[in-house]
Amino acid sequence: MKIATFNINGIKARIDALLDWLDEARPDIALLQEIKTVDEGFPREPFESRGYNVETHGQKSFNGVAILSRLPLEDVSRGLDGDDDDDHARWIEATVVGERAVRVVGLYLPNGNPAPGPKYDYKLSWMERMKARARQMLADEMPIVFGGDYNVIPERQDASRPEAWEKDALFLPESRAAFRRLLHLGLYDAFRLRHPEPGHYSFWDYQAGAWARNNGIRIDHMLLSPQAADLLRDAGIDKEIRGREKPSDHVPVWIDLDA
DNA sequence: ATGGTGGCGAGGCCA
């Protein structure tokens, strides 16, 4: 079972590029972030005609997540518990039953800039809420995949120029500590398991020729429960996508599970 | 220190 996460930075602007990638990569499941539209604005037809079931959790203009799946999606849940006043569309869960049942989460973790400030406070509190929800889910002792744009650079080796990110919300010590607290629950960074060496990125800014200079960061992650990690066959990043016409500033990150 | 780019949607916010 191939599962990918892809921050597409707007479904309206990315539909052609997304369909091209989907036809080539053919993931069983694609977790999308930043669809930047309400549910009614999401173009379901081109995905359904390719055999994908579509579940969205959208929002006008900003944020918004979706799950595409060749297999039926069951027990779909939208939103992250822990704050009734939070109206950002950043979290969606569903269960996929292939050879075995896998719970998948698509998440778009807050950017948090500028830090310090209210946006950074929101990021850190959101990460605490995610930890609480992940802890709950891990009690089920089943394969779970938490895939998405985490907006966290976990280690220095996950940035081409770590010194440029020292004061950024994506790399501040508190952000990285909160990310490690997720790992300490017993989650595994799937890409890092398969590719321990530095120099792999999932995001290159549109500005200042970041792609041409390979000035990237690795912020899109697939965290696995122990039961999912035991099924991990492979993991990768579709870097080449970033060099195409009208690209997102992120590229797809994928895993292959024996499920 | 500033400005550099892009999406959404129609001015300014967000990243």
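Given the structure is predicted, the values throughout are model-derived calculations rather than measurements. Here is how names work: the chains are called A, B, and so on, in the same order as the sequence lines, proteins then strands, and each is numbered from 1.
In this model, no donor atom of one side chain and acceptor atom of the other lie less than 3.5 Å apart for A:Arg14 and A:Ser248.
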In residues 60-68 of chain A, what donor-acceptor pairs under 3.5 Å come from side-chain atoms, sequence neighbours left out?
from: A:Asn63; atom 1: OD1; to: A:Arg90; atom 2: NH2; distance (Å): 3.3
from: A:Asn63; atom 1: ND2; to: A:Gln59; atom 2: OE1; distance (Å): 3.2

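If you check every strand for non-hydrogen atoms under 4.0 Å, A:Arg213 touches nothing. At the heavy-atom level, A:Phe203 lies nowhere under 4.0 Å from the strands shown.
Remark: C1' of B:dA15 and CG of A:Asp205 are 8 Å apart, rounded to the nearest angstrom. Per the geometry, CZ belonging to A:Phe62 stands 6 Å off P belonging to B:dC14, to the nearest Å. For A:Gln207 and B:dT5, the CD to C1' distance is 5 Å, given to the nearest whole Å. Put simply, NZ on A:Lys246 is 16 Å from P on B:dT5, counting in whole angstrom units. Look at CG on A:Asn215: it is 13 Å from C1' on B:dG4, rounded to the nearest Å. When the P atom of B:dC14 is taken as reference, atom OH of A:Tyr206 falls 18 Å away, rounded to whole Å. Atom NZ in A:Lys36 sits about 9 Å away from atom P in B:dG9, given to the nearest Å. Atoms CD1 (A:Ile15) and C1' (B:dC8) sit 16 Å apart, rounded to a whole Å.
Only the P atoms considered, B:dT2 is 23 Å distant from B:dG6, to the nearest whole Å. Using atom C1' as the reference point in both B:dG9 and B:dC13, the two lie 11 Å apart (nearest Å). Distance check on atom P: B:dC14 versus B:dA1 gives 24 Å, rounded to whole Å.
Listed candidates were B:dA15, B:dA10, B:dG7. Nearest to the side chain of A:Lys60 is B:dA10.
Ring-centre distance between A:Phe191 and A:His200: below the 6.0 Å cut-off. Between A:His88 and A:Tyr108, the distance from one ring center to the other does not fall under 6.0 angstrom. Ring-centre distance between A:Phe47 and A:Phe42: below the 6.0 Å cut-off.
Closest-nucleotide positions on DNA chain B for A:Pro247 and A:Asn113 were compared, and the one nearer the 5' end corresponds to A:Pro247. In terms of position on DNA chain B, the residue among A:His88 and A:Ile11 whose nearest nucleotide sits closer to the 5' end is A:Ile11.
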